[in-house]
Amino acid sequence: MKIKIFSGSSVLKLSRKISKYLYTELSDVNIGKFSDGETNINIKDSVRGKDVFVIQSTCFPVNDHLMELVLMIDSLYRASARRITAVIPYFGYARQDRKTGSTKTPIAAKIVADILSVVGTNRVLTVDLHTEQIQGFFNIPIENISGSEVILEDIRSKKLYDPIIVSPDIGGITRARTIAKLFGNIEIAVSDKNRPRVNTSKTLQIIGNVKDRDCIIVDDIVDTGSTLCSTAEMLKKKGALKVIAYATHPVFSGDSLEKINNSFIDEMIVCDTIPISKKIKGFKNVRYLTTSFILSESIKKISCEM
Ligand code: R5P
């Protein structure tokens with residue numbers, strides 16, 4: 001394969017795993033800062049005529065990582081790369097995907113899609129995009145691969161008593177159904193949540209029968225942990241046995257890890273679309289799974305045009 005893989009600074013460990021899987025080395029780039037805080041990019045390898053992949057999650061600090069990504073792509077475009085694929089394991093700003101009510105708010109996900117196109121991105125590869133509709137913001141091909149395969153393998157390795165898959169909100173029903181179906185067509189339950197304030201979520205009721213059953217909550221993002229913690233509390237109130245929570249993207253902002261540790265969640269499992277190995281040290285009920293295999297396989301398919 002004549003591919004070149006570059007990594008932004010957000011996901012170096014994951015990028016190394018991917019390049020190892022693809023029997024290649026990460027290409028050389030200097031990523032730094034000017035003294036005024038501006039991002040400084042210098043691509044060291046030749047990319048003329050090459051099929052190039054740039055791996056970067058737009059996680060915290062979101063704007064810096066986004067800027068790194070677009071400046072790297074601009075440099076590669078100007079250096080005559082044949083095709084540039086932005087591999088964005090975690091696509092930040094995705095939750096700002098519509099105007100909310102009558103307020104004057106931006107559609108930030110659309111702006112990010114536009115910026116990526118403008119700098120010369122030919123294709124985007126991402127994992128568990130917050131909503132499928134965001135794909136329509138792009139005028140270039142975008143592949144949104146599912147983390148379900150990784151999560152399912154882990155669920156299957158567990159001894160569960162009469163398990164039920166739980167969606168922590170109405171928006172997550174499709175995800176919950178997919179996993180429930182692949183797991184053997186088991187039942188799903190849904191948490192009816194609202195957000196009394198920004199970053200706070202309250203579970204009003206659980207739709208479905210969770211009494212004396214092991215509950216597996218599946219979500220795309222865990223940020224403040226509020227959604228998962230309040231869902232777990234209500235599940236236990238309704239007689240659930242174990243509550244295991246899965247989320248693809250561990251944003252883990254603020255004191256979310258402490259909150260999860262002190263909650264009704266028995267185990268929290270996330271993916272490595274955002275690096276957290278240092279953050280979760282000491283939190284025994286939190287662990288992570290790697291997405292390197294599914295991303296590597298997709299990169300292989302894109303590059304071989306399979
Ligand atoms: C919401 O629609 C998402 O799917 C997640 O449930 C949400 O972003 C989680 O946020 P938090 O952890 O802050 O409740």
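Atoms within a ligand are numbered from 1 in the order they appear, just like the ligands themselves.
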Original post:
Could you give all pairs that pass the ring-ring contact (aromatic ring centres under 6.0 Å, His included) test and reach residues 249-301, with sequence neighbours left out?
Top reply: Tyr21-Phe293, Tyr90-His249
Original post:
Listing by chain and number, which residues have a heavy atom under 4.0 Å from ligand 1?
Top reply: Arg95, His130, Asp169, Lys193, Arg195, Asp219, Asp220, Ile221, Val222, Asp223, Thr224, Gly225, Ser226, Thr227
Original post:
Considering residues at least two apart in sequence or located in another chain, which fulfil the side chain to side chain donor-acceptor pair (under 3.5 Å) criterion with Asp28?
Top reply: none
**OP:** Not counting sequence neighbours, list each pair that qualifies as a ring-ring contact (aromatic ring centres under 6.0 Å, His included) and has a residue in residues 67-88.
**Re:** none
**OP:** Have a look at Asp169 and tell me which of Lys202, Lys193, Arg175 forms a salt bridge (charged side-chain N to carboxylate O under 4.0 Å, His left out) with it.
**Re:** Lys193
**OP:** Please indicate whether Lys238 has more than 12 foreign heavy atoms, meaning atoms of other residues, nucleotides or ligands, lying under 6.0 Å from its NZ.
**Re:** no
Original post:
Are Glu187 and Arg213 close enough for a salt bridge, meaning some N to O gap below 4.0 Å?
Top reply: yes
